[in-house]
Amino acid sequence: MEFRFLHLYPDLMSLYGSYANVSVLVRQLELLGHSVHLETVAPGDTASLSGADFLFLGAGTERSQAAALEALPSMAGDIRSAAGDGLPMLFAGTAMELLGASVTGRDGQCRKGLEVASFTAVQGDKRIVGDLYGTTDLYDEPVVGFMNKCAVISGVEAPLITACAMGFGNEREGGPEGFHRDNVFASELTGPLLVKNPGMLRAVTDAVCARRGVTLPEELPHLPYLQEGFQVTAEQLRLRCEATKA
């Protein structure tokens with residue numbers, strides 16, 4: 001089966017290796033015997049979401065994020081409709097903030113978001129930087145990642161990461177992080193998210209395949225170093241959490 005992927009603004013929003021979220025998802029599908037037609041979309045381009053199987057937007061600086069937000073209104077309605085129709089999509093890093101009702105920059109300017117969700121993002125002068133170790137309702141393994149943001153996100157009703165034993169969530173230390181509703185996945189975690197978390201990669205792969213009536217095997221093809229890297233990271237962060245509590 002051939003899948004059609006759309007990667008929005010890869011030259012503008014590609015900090016912290018965000019593109020690898022798409023690369024590892026494509027590789028996973030190829031190992032399952034499928035093919036992927038990947039289309040990149042630049043600011044100002046028009047792209048049809050009809051017939052798409054996955055939509056991705058990655059992390060960028062706050063300046064790049066503002067530029068992306070200026071370019072997105074022409075697609076906003078289609079993105080909202082696609083989210084409602086169950087199109088799998090991942091907004092990674094600072095791109096997550098664009099899914100909400102508004103983004104208020106450090107200059108005080110409030111920009112309208114995509115309104116896929118009702119949460120708001122307010123950016124401040126202080127950067128929130130550090131590792132995160134948390135849990136999700138999607139699977140039993142922990143979620144790991146690194147965060148570098150300056151926004152507090154308020155009003156998320158359905159977080160992707162339900163609690164953090166280490167790290168800053170959407171609006172507070174130890175709180176829930178990210179956003180997940182139906183097939184919309186979003187998190188400020190970088191690294192990139194799907195490479196660092198095999199469980200999250202499976203969840204997104206399953207969302208893409210299930211929409212086309214494809215059932216995943218119980219055991220996915222092995223991606224070298226993916227599970228091994230996760231286990232090392234998760235163990236080290238777990239030990240740090242225990243040491244902090246001691």
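Excluded from the calculations below are hydrogen atoms, water molecules and symmetry mates; all remaining heavy atoms, backbone and side chain alike, are included. Throughout, residue positions are numbered sequentially from 1 according to the sequence presented.
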Using a 3.5 Å distance criterion without hydrogens, assess whether the side chain of [X] forms a donor-acceptor pair with backbone atoms of [Y].
X: N197; Y: V144; value: yes
X: N183; Y: G86; value: yes
X: E70; Y: A67; value: no
X: D45; Y: A42; value: yes
X: T190; Y: Y16; value: no
X: R181; Y: V116; value: yes

Would you say [X] and [Y] make side-chain contact, with heavy atoms under 4.5 Å?
X: L55; Y: L8; result: yes
X: R111; Y: S102; result: no
X: E39; Y: H7; result: no
X: E171; Y: I153; result: no
X: Y139; Y: R202; result: no
X: L216; Y: L32; result: yes
X: L6; Y: T40; result: no
X: D131; Y: M166; result: yes

Would you please say whether a donor-acceptor pair under 3.5 Å links the side chains of [X] and [Y]?
X: S154; Y: T120; answer: no
X: Q65; Y: E97; answer: yes
X: Q236; Y: R238; answer: no
X: T94; Y: E62; answer: no
X: N148; Y: R127; answer: yes

For the residue pair [X] and [Y], what are the closest heavy atoms and their distance?
X: G155; Y: S118; result: O-OG, 4.3 Å
X: M96; Y: A186; result: CG-CB, 3.6 Å
X: S187; Y: L193; result: CB-CD2, 4.1 Å

To the closest 0.5 Å, what do you measure between [atom1] ([X]) and [atom2] ([Y])?
X: H222; Y: Q28; atom1: NE2; atom2: CD; answer: 11.0 Å
X: L114; Y: D78; atom1: CG; atom2: CG; answer: 11.0 Å
X: I128; Y: C150; atom1: CD1; atom2: SG; answer: 7.5 Å
X: L189; Y: K149; atom1: CG; atom2: NZ; answer: 9.0 Å
X: C209; Y: L29; atom1: SG; atom2: CG; answer: 5.0 Å
X: L25; Y: L38; atom1: CG; atom2: CG; answer: 10.0 Å

Q.
With side chain to side chain contact (heavy atoms under 4.5 Å, CB included) as the criterion, how do V36 and D53 come out once you've worked through the C-alpha distance, each side chain's angles and the decisive distance to 0.1 Å?
A. CA-CA 10 Å; V36 177; D53 295 295; over 6 Å; no
(Q) The test is side chain to side chain contact (heavy atoms under 4.5 Å, CB included); show your working for L132 and L237 and say whether it passes. (A) CA-CA 8 Å; L132 184 143; L237 292 182; over 6 Å; no
(Q) I'd like to know whether F5 forms a ring pair (Phe, Tyr, Trp, His ring centres under 6.0 Å) with F56, so could you lay out the CA-CA distance, the side-chain angles of the two residues, the decisive distance to 0.1 Å, and finally the verdict. (A) CA-CA 8 Å; F5 282 15; F56 176 74; 9.8 Å; no
Tell me, yes or no, whether the heavy-atom count around [X] atom [atom1], taken from other residues, nucleotides or ligands under 6.0 Å, exceeds 12.
X: D140; atom1: CG; value: no
X: F146; atom1: CZ; value: yes
X: E2; atom1: CD; value: yes

Q) With under 30° as parallel and over 60° as perpendicular, where do the rings of H34 and F3 fit, or are they tilted in between? A) perpendicular
Check whether [X] and [Y] end up in the same hydrophobic cluster, where Ile, Leu, Val, Met, Phe, Trp and Tyr are linked by side-chain heavy atoms less than 4.5 Å apart.
X: F168; Y: V122; answer: no
X: L15; Y: L90; answer: no
X: M200; Y: M89; answer: no
X: L99; Y: L12; answer: yes
X: M75; Y: V103; answer: yes

Q. Can you check side chain to side chain contact (heavy atoms under 4.5 Å, CB included) on V214 and M1, steps first, answer last?
A. CA-CA 9 Å; V214 177; M1 180 176 290; 3.8 Å; yes
Q.
Let's go through F185 and V204 carefully: what are the C-alpha distance in whole Å and the side-chain angles of both, what is the deciding distance for side chain to side chain contact (heavy atoms under 4.5 Å, CB included) to 0.1 Å, and is it a yes or a no?
A. CA-CA 8 Å; F185 300 81; V204 175; 4.1 Å; yes
